[in-house]
Amino acid sequence: MAMGAVSPMATAATAEPTPEENLDYWWNAYGVDAAHQEGFTGSGVKVAVLEKQINPELPVFQGRSLRVLDQPLCVNKTTVATTEPTSAAVHGTTMTAYVIGNGTGAGGVRGIAPDADVTFYGYGEDDGPSCNTADGAQITEFAAGVKQATDDGAKIILTSIGGTARVDDAPAVAYAISHGAVVIAASINPGVLGAIYDDLGSFNGVVSAAGINRDGSLQTEDGEPFVIPQTTVVAAGVDMPAVGSTGDWSTSVGATGSSFAPPIIAGMLALAAQRSPQATGNQLVQALVATTNGAQHTPTRTEDGYGYGAAWLPSLLTVDPTTLPDETPLMGKPAGFPTEEQIAQAKANGYSPDERSSSIDKYREQNGASQSDAAPITLRVAIGLGLLVIAAIIITVIVVLTQRRKASKERAE
């Protein structure tokens with residue numbers, strides 16, 4: 001989420017909509033008021049927000065069901081709830097408000113699922129060392145949060161913090177999917193270092209969410225659409241109001257990024273889950289991808305950055321997810337894991353982290369070498385390198401002698 005102050009003068013001169021007006025536009029386009037009037041507010045649905053920090057004391061959360069997990073996900077970064085307007089706190093607070101916000105305070109942010117039960121799982125402050133999770137950093141804070149949220153009964157798990165899909169984290173994702181949770185991750189933004197093809201949205205089974213503007217256009221980079229091929233769906237994400245700004249909770253700024261899409265989509269799915277409480281996470285995702293762009297249809301995915309299309313609340317609420325297959329439609333993604341076998345194992349046996357061995361053990365497994373083979377292998381490699389060096393020296397001597405003889409002959413002539 002890129003933060004940038006909105007200039008009143010620039011807004012007046014170009015007649016561009018304000019961030020608050022953009023929120024109003026999407027709120028109306030998504031038919032949120034109509035859904036609330038029908039009684040769909042996310043009541044009884046557990047939503048997990050995986051972010052760094054949050055200020056739970058702000059007015060935007062008054063009257064809402066918000067819990068901040070007491071135990072930080074990173075044992076060495078323990079400041080999760082804070083009243084300091086740090087960049088991490090503004091981001092985490094804003095993302096949470098787009099799920100359950102009441103519309104008060106800076107930015108006037110209101111959430112699609114105001115009655116959902118939200119738990120905030122914090123990674124901790126931005127500065128300082130890298131995160132150490134309780135297992136000794138074998139898995140990332142993302143995986144630790146997904147696993148903990150699943151244990152806590154979350155139906156929908158979202159993060160707008162970027163990351164890389166790691167094989168060590170696959171068991172946690174498999175565990176969530178197999179236990180009926182939806183996992184949503186923001187896609188990478190333009191200008192951010194990181195590989196397009198291996199962000200968190202490249203995990204099998206994870207909803208990869210990208211942001212669009214009011215015209216339906218993707219973010220751009222160097223004047224061209226910024227395309228994430230593994231995108232699942234898109235949602236609002238350009239020039240949206242934030243709750244506060246870095247250094248000041250009382251002033252809102254306009255922000256752009258894929259970060260907004262996960263909480264907006266999570267809110268939609270929370271309403272769908274309330275409407276169909278027996279639906280599994282897989283069935284909710286099936287309904288999501290089959291009702292994009294305002295109509296029910298046979299899901300068709302493209303790799304032009306839009307995936308299955310724009311997530312759309314009114315059409316989502318017309319479908320009974322329990323009539324759809326209870327299997328994730330999001331397999332075959334770039335990361336290649338978790339596999340169907342991992343998901344099946346997690347369903348049968350629960351969370352089972354991969355056993356990690358030393359690099360030499362993995363070498364032996366891959367090459368069929370026993371422990372006693374290691375020394376001979378090293379010896380053979382050393383002998384081979386020595387022979388190459390000797391050969392190079394001999395060739396060099398021959399070349400030098402030849403050149404000298406040639407030079408002597410030319411002088412004699």
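Looking only at side-chain heavy atoms (C-beta outward), Asp126 and Thr86 stay at 4.5 Å or farther from each other. The closest side-chain heavy-atom distance from Leu218 to Phe226 is not below 4.5 Å. Within the 4.5 Å cutoff, side-chain heavy atoms of Pro171 are placed close to those of Tyr351. When side chains are defined from C-beta on, Val68 does not count as touching Tyr121, because their heavy atoms never get closer than 4.5 Å. Counting heavy atoms from C-beta outward, Leu158 and Leu50 have side chains that stay 4.5 Å or more apart. Side chains of Leu317 and Phe40 form a contact here, defined as non-hydrogen atoms less than 4.5 Å apart. In this structure, Asp199 and Thr164 have side chains that are not in contact, with every pair of non-hydrogen atoms separated by 4.5 Å or more. Side-chain contact check for Pro353 versus Asp168: every heavy-atom pair is 4.5 Å or farther apart.
Heavy atoms of other residues, nucleotides or ligands lying less than 6.0 angstrom from CD of Glu221 number more than 12. Counted within 6.0 Å of NZ on Lys333, heavy atoms from surrounding residues, nucleotides or ligands total more than 12; the atom is thus considered enclosed.
Remark: Arg214 fails to qualify as a cation-pi partner of Trp26 under the 6.0 Å distance and 45° angle criteria applied to the six-membered ring.
Nearest heavy atoms, Leu316 versus Thr291: CA-OG1, 3.5 Å. When all heavy atoms are compared, the tightest approach of Lys155 to Gly281 is NZ-N, 4.0 Å.
Here the side chain of Gln274 pairs no donor or acceptor atom with the backbone of Gly44 at under 3.5 angstrom.
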